[in-house]
Number of protein chains: 2
Amino acid sequence: MEPPAPQRRVTIVDVARHAQVSTTAVSKVLRNAYGASPEMRAKVRRAIDELGYRPNAAARGLRGQTYTIGVMLPDIRNPFFPEILDGITDHLAETDYQVFLGPGGCNDEKAEARVTDAMIDRGMDGIILIAPVSSRARLERIASAVPAVVVGRHGHSTVYDTVTDDDVAGAAMLVGHLVDLGHRRIAHIEHHETDPTRIAEMPNAQRADGYRHAMRSLGLAEEIDIVSTTYTQEGGYEGAKQLLARPRRPTAVFAGADIVAMGVLEALTEAGLSVPGDISVAGYDNTTFASFGPISLTSVDQAGHEIGGNAARLLLERIADRRKAPVQVKLSPTLVPRRTTAPPPA
Amino acid sequence: MEPPAPQRRVTIVDVARHAQVSTTAVSKVLRNAYGASPEMRAKVRRAIDELGYRPNAAARGLRGQTYTIGVMLPDIRNPFFPEILDGITDHLAETDYQVFLGPGGCNDEKAEARVTDAMIDRGMDGIILIAPVSSRARLERIASAVPAVVVGRHGHSTVYDTVTDDDVAGAAMLVGHLVDLGHRRIAHIEHHETDPTRIAEMPNAQRADGYRHAMRSLGLAEEIDIVSTTYTQEGGYEGAKQLLARPRRPTAVFAGADIVAMGVLEALTEAGLSVPGDISVAGYDNTTFASFGPISLTSVDQAGHEIGGNAARLLLERIADRRKAPVQVKLSPTLVPRRTTAPPPA
DNA sequence: GCGGTTTTGGGTAACGTTTCCCATCGGGTG
DNA sequence: CACCCGATGGGAAACGTTACCCAAAACCGC
């Protein structure tokens with residue numbers, strides 16, 4: 001039994017000694033900084049490899065850079081986030097940055113604050129906030145402490161960039177699709193929202209808005225029928241129950257999110273109604289399960305990968321220049337028609 | 001326009017000055033260390049609140065502790081991980097530790113190494129590896145650099161603790177359930193595995209093993225029928241195609257994972273077979289979508305929340321004493337019968 | 001060859017904590 | 001009353017890296 005190897009980690013000093021140069025020189029090579037000859041670079045790199053040196057992120061952080069980017073996502077369960085994340089990591093793959101996810105509690109401002117504070121404490125170089133529920137003021141506070149990009153919140157800011165999908169257009173496409181199929185009585189299930197800022201900024205509100213506008217512009221103002229519940233399976237179930245109790249039942253239901261559509265489908269099955277024979281159903285987000293054979297849900301696809309890629313790009317730009325003018329990127333969704341929508345019963 | 005506020009962050013020195021004490025004293029209060037009178041604590045805490053001080057994690061990291069725990073999860077898409085994560089965060093909620101997720105690329109050893117190295121570089125106090133695909137040697141290397149707990153890998157180690165679910169028992173329960181319903185020709189779709197270590201350690205291999213054992217012990221050795229594909233929707237689709245081409249078709253298919261079952265269902269629908277009328281289907285993991293009305297998939301539930309809680313507990317214990325004897329926790333799964341399984345056709 | 005510029009390399013002081021030590025002060029003990 | 005002890009507080013040296021300097025050498029055009 002040898003002593004259990006205290007194993008001091010290799011530091012920049014070890015590398016410098018091994019390569020017979022100064023620590024300054026090693027640091028320059030590490031950061032591709034100016035002032036190191038090709039021979040020096042080669043020599044240092046060899047030493048780094050031989051010793052298996054890896055820079056200590058804490059020490060770097062103390063000096064200003066951690067090469068770490070934080071992504072706050074409020075609910076890992078939301079099957080739409082992975083796409084965004086892939087977009088982010090793909091964009092960052094070639095850089096020295098490492099991505100870490102901070103799990104915000106589901107739609108919980110407190111938890112969100114805890115995570116973002118933790119990211120700032122850890123000196124992360126930049127953070128991406130995905131569909132945050134925090135107040136506008138809070139977002140600005142965060143963004144003034146660290147370069148930030150906000151995904152999925154409509155509404156401008158002077159300190160952070162935003163990337164959103166055009167929810168109004170998406171909702172309109174869906175309504176258009178249903179109308180093309182011959183539907184007129186099209187109902188919508190929305191996520192209930194009271195806070196005025198959020199009504200203006202949150203995607204759910206925008207979808208409801210898009211629904212209203214589309215109905216009106218297609219001459220169906222009379223038929224607008226919105227049920228307010230939540231973006232959950234239960235919310236969909238409840239909403240569908242309410243809609244089924246209407247004297248004139250809708251022939252199509254546009255659920256504000258795929259998960260809501262799942263609840264709707266359950267309620268319809270329970271009521272003995274067939275989809276799409278008796279009633280059409282559509283969701284939003286084109287989540288993984290929407291494509292599963294037994295479900296085959298008509299939905300709207302947000303360009304998740306592109307959203308993530310853009311967010312990462314904007315963040316890098318902002319890290320490079322913290323005072324550049326904020327940018328708003330708005331991407332366009334696409335309709336994905338599947339088997340839950342069909343012409344209404346004759 | 002005022003100058004855009006350079007806004008130096010409040011440091012321990014500021015707090016010390018404001019409270020008229022030494023930085024040492026502040027540090028002691030922060031860490032609840034010995035050597036500070038109640039009055040001093042009160043005074044310091046007041047100063048901390050008044051100034052809105054938050055300790056710099058990088059500086060702390062340089063001295064040894066970062067109060068950060070890393071969770072490596074190979075594939076955020078896997079809907080089973082959120083449960084584990086909840087278990088972890090719930091257990092850690094009362095502590096000072098903050099959890100960050102490192103996104104390993106899907107089943108990619110390289111990506112896994114990158115993430116774990118990044119965690120070690122950042123001086124994380126401990127890490128939890130969820131269903132890692134890395135080699136045994138690599139896991140031991142990681143664990144010797146930082147306290148670690150491995151989730152979902154059977155097989156002991158002298159340096160890290162493990163938490164697993166009893167996959168053999170779970171598979172056996174499922175086979176038992178199908179046999180009870182009257183099935184005999186029960187096929188299994190497994191995730192193809194060649195590496196010998198993994199065959200012994202990975203859950204997929206254990207499930208296949210459990211299937212074999214259960215079939216044999218129920219006198220159905222003759223009926224053992226395994227198709228090797230992958231744990232993906234396509235894998236399920238392919239596997240089902242192969243099984244349907246058999247001269248004697250199975251009356252039930254036990255897919256090694258829920259996502260595989262989705263592919264199976266799709267292939268069956270295509271073939272015009274009804275579920276469970278013509279053929280029963282079961283999955284494993286009890287993922288969120290398994291409970292959706294139109295799917296209603298019979299599955300096996302791993303106690304995800306408990307798995308996470310145990311992992312967190314073991315990690316804290318190991319952080320407290322790095323050389324404590326390794327512990328292996330094995331939890332028991334439960335069967336969740338739903339509508340995709342029924343007696344075989346007469 | 002000579003001033004001046006550019007290139008190359010290194011010395012050293014931060015960065016914000018923690019931790020090891022030592023100093024002081026009451027008060028209890030012999 | 002001398003001595004010791006525990007409790008309380010602080011000084012100062014790390015931790016590993018980067019960035020601001022400055023020095024020396026090499027190169028340049030005339």
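Just so it is clear: chains get the letters A, B, ... in the order the sequence lines come, proteins before strands, and each one is counted from 1. Source: prediction; values computed, not measured.
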Please report, rounded to the nearest Å, how far the [atom2] atom of [N] is from the [atom1] atom of [X].
X: Glu39(B); N: dA7(D); atom1: CD; atom2: P; value: 15 Å
X: Arg17(A); N: dG10(C); atom1: CZ; atom2: C1'; value: 16 Å
X: Tyr34(A); N: dT8(C); atom1: OH; atom2: P; value: 6 Å
X: Gln20(A); N: dG9(C); atom1: CD; atom2: P; value: 14 Å

Go through it in stages, so that I can follow the logic: the residues are Val329(B) and Arg313(B), the test is side-chain contact (heavy atoms from CB on, under 4.5 Å), and I'd like the CA-CA distance, side-chain angles, deciding distance and then a yes or no.
CA-CA 11 Å; Val329(B) 171; Arg313(B) 181 177 55 81; 4.2 Å; yes
Please step through side-chain hydrogen bond (donor to acceptor under 3.5 Å, both in side chains) for the pair Thr68(A) and Gln98(A), ending with a clear verdict.
CA-CA 5 Å; Thr68(A) 310; Gln98(A) 171 66 39; over 6 Å; no
How does protein contact run along nucleotides 12-18 of chain D, one letter per nucleotide 5' to 3', with B for base contact, S for sugar-phosphate only, - for none, heavy atoms under 4.0 Å?
B-BBBBB
Look at all strands and tell whether Ala33(B) reaches a base, only sugar-phosphate, or nothing, counting heavy atoms closer than 4.0 Å.
nothing
In terms of side-chain heavy atoms, does Ser157(A) have a donor or acceptor partner in Glu140(A) at a distance below 3.5 Å?
yes
Any donor-acceptor pair under 3.5 Å linking the side chain of Asp125(A) with the backbone of Tyr67(A)?
yes
Mind checking whether Thr11(B) and Asn56(B) have side chains closer than 4.5 Å, heavy atoms only?
no
Within-4.5 Å side-chain heavy-atom neighbours: Pro103(A) and Leu101(B):
yes
